[in-house]
Amino acid sequence: MTRGDERRFPEGFLWGAATAAYQIEGATTADGRGASIWDTFCAEPGKVHERHNGDPACDHYSRYEQDVELIGRLGLPVYRFSTAWPRVMPDGRTVERRGLDFYDRLVDTLLGRGIDPMVTLYHWDLPQALEDEGGWLERDIAARFADYASAVHEALGDRVDHWTTLNEPFCSAFLGYGNGVHAPGISDHRLALVAAHHHLLAHGTAMRALRERSRPGQQLSIVLNFSPALADVDDAAHRDAARRFDAVHNRFFLDPVLGRGYPADLLADVAHLDALEPAVRAGDLETIAQPVDWIGVNYYAPTRTTPLDDPTAASNCPLPGLRGMDVLPPRAPLTSIGWEQHPPSFTDLLVWLGEHCGGVPLIVAENGAAFEDTVDPDGAVRDADRVRYFAEHLGAVHEAIRRGVDVRGYLAWSLLDNFEWSFGYTQRFGIVHVDFATQRRTVKDSGHFFADVVARNALPGDRG
Ligand code: GBH
């Protein structure tokens, strides 16, 4: 590539932006919606920043037409959103037509503007009624999830081509049950492993149900989050520390989905907890191994790892089975949420996935950054840091494609500033600014930048 040349993306590359139901919809009691574990969690003192919650969030439930218009104005061909299980099934089992009708209207509005909907069936908002029965700790959750997936497919399957089962089961299992930072707020590494297995079982059970119902052209997948482990020194001890983190963070969910079962090194690392293998029953791994049409890749930041002298010493990283290693503080430059910006890790991750997934295509289902916005007196929203983050990380994706990785699309996180889980409304990830007092939306500089990349299907050249 000569300097100044555009860096083009492949023809038909899928561009878009992503959101999740609990983070944007609000209206948590409208039209018969049941409570979710996040409604409960947010009400508990000390869990979420200043007890912020999903109401009214971006009030997207009433403002969805305006938001779809915005997606159209940005020229984004794809919009990834999640359906809220407690809206569709308030008690986790019985369909509430009014809840489904919302997604029906949303899909029609998107299609009316030529925007391709991508449905995520679960982005962490389990119906509280199911949590009361044991939630992800019960095997039965897999059948419940497959029923829910079928109900949504029944309503939208005639029009939606892109389906993903779970968003980041790592987070809902390990942050929800392992370190208690997410709902339902349990801190128990043994339970976290059981919850993790049941997430995968739910994915596989739903995949089977969806595959049976799907029409030609429909694509089914799962979205996983990855954080490459970086080590300062290239020696055996450092490599092993990185390997341990990589096993539990990056391969735990991926390998069973790819049909390889749980990684052997991971099984050894968690064996002393005696929780994962006892939860796996005959046939489970076959269920989990349903073929996926692509893997959704969420990337934000790498993790720095280092070995401890004693290989059995407790880790400062609260993930199940991690011993003999610590994570190190992230290094500058950081985003406002404290995550390290390191674009080469994104390229390395995609290259590794390209090899590891053996030909299964990849779609970047989330990538983005939290920064504080500057609102000018004329109302323009300046976010130069986010523009740079997107430029660098899109460059990293382009580089992976140049090296032969089959990346089919890129979705920015997020369309809108929204409810950032335990951080409440303190962290803004949007390419569109939301003034939460007035619900006014303003496209940020990063939104204009991204729209321009999408329109040209290319990044501006290296102006160096
Ligand atoms: C995504 O998850 C979510 O899908 C989305 O809803 C969210 O708004 C967005 O990112 C921004 O946060 O040190 O082991 O606790 C983020 C993925 C995974 C990033 C866990 C932070 C901390 C790992 N996150 N990670 S750990």
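Note that this is a predicted model, so its numbers are computed, not measured. Read the numbers this way: they start at 1 and go in the same order the structure lists the ligands and their atoms.
Expressed to the nearest 0.5 Å, how far OG of S345 lies from NE2 of H393 amounts to 8.0 Å.
One finds a salt bridge joining R243 and D269 here, because a Lys/Arg side-chain nitrogen approaches an Asp/Glu carboxylate oxygen to under 4.0 Å. Between R80 and E366 there is a salt bridge, with a side-chain nitrogen of the basic residue lying less than 4.0 Å from a carboxylate oxygen of the acidic one. Salt bridge present: D373 and R386 bring a charged side-chain N and a carboxylate O closer than 4.0 Å.
Counting only heavy atoms of the protein, atom 16 (C) of ligand 1 lies nearest to E168 OE1, 3.6 Å. In terms of protein heavy-atom proximity, atom 1 (C) of ligand 1 is nearest to E366 OE1, 3.2 Å. If you check which protein heavy atom lies closest to atom 8 (O) of ligand 1, you get E420 OE1, 2.6 Å.
Distance check for atom 22 (C) of ligand 1: every protein heavy atom is found at 4.0 Å or beyond. Within the 4.0 Å cut-off (strictly below), no protein heavy atom is located near atom 25 (N) of ligand 1. For atom 6 (O) of ligand 1, the protein comes within 4.0 Å by at least one heavy atom.
For ligand 1, the polar-atom distance check against N167 finds a nitrogen or oxygen pair separated by under 3.5 Å. Taking only nitrogen or oxygen atoms, main chain and side chain alike, W339 does not reach within less than 3.5 Å of ligand 1. Between H249 and ligand 1, no N or O atom pair is found at a separation short of 3.5 Å. Where the criterion is an N or O separation shorter than 3.5 Å, residue side chain and backbone included, N418 fails it with respect to ligand 1.
A donor-acceptor contact under 3.5 angstrom links the side chains of Y410 and N367, judged on distance only.
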- Run the side chain to side chain contact (heavy atoms under 4.5 Å, CB included) check on F449 and K444 step by step: do they pass? CA-CA 9 Å; F449 169 79; K444 303 180 190 183; over 6 Å; no

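By the 4.0 Å heavy-atom criterion, A20 is excluded from the residues contacting ligand 1.
Heavy atoms of S227 found under 4.0 angstrom from ligand 1: none, in either backbone or side chain. Contacts between Q427 and ligand 1 below 4.0 angstrom, taking non-hydrogen atoms only, are absent altogether.
For the pair R87 and Y61, the cation-pi test (distance below 6.0 Å, angle within 45°) is passed.
Proximity annotation for atom 9 (C) of ligand 1: of W124, F174, F423, Y300, Y300 comes nearest, heavy atoms only.
Scanning all heavy atoms of the two residues, the minimum distance from F253 to A173 falls at CZ-CB, 4.3 Å.
Of all the atoms in ligand 1, the ones that sit under 4.0 Å from a non-hydrogen atom of C171 are 18 (C).
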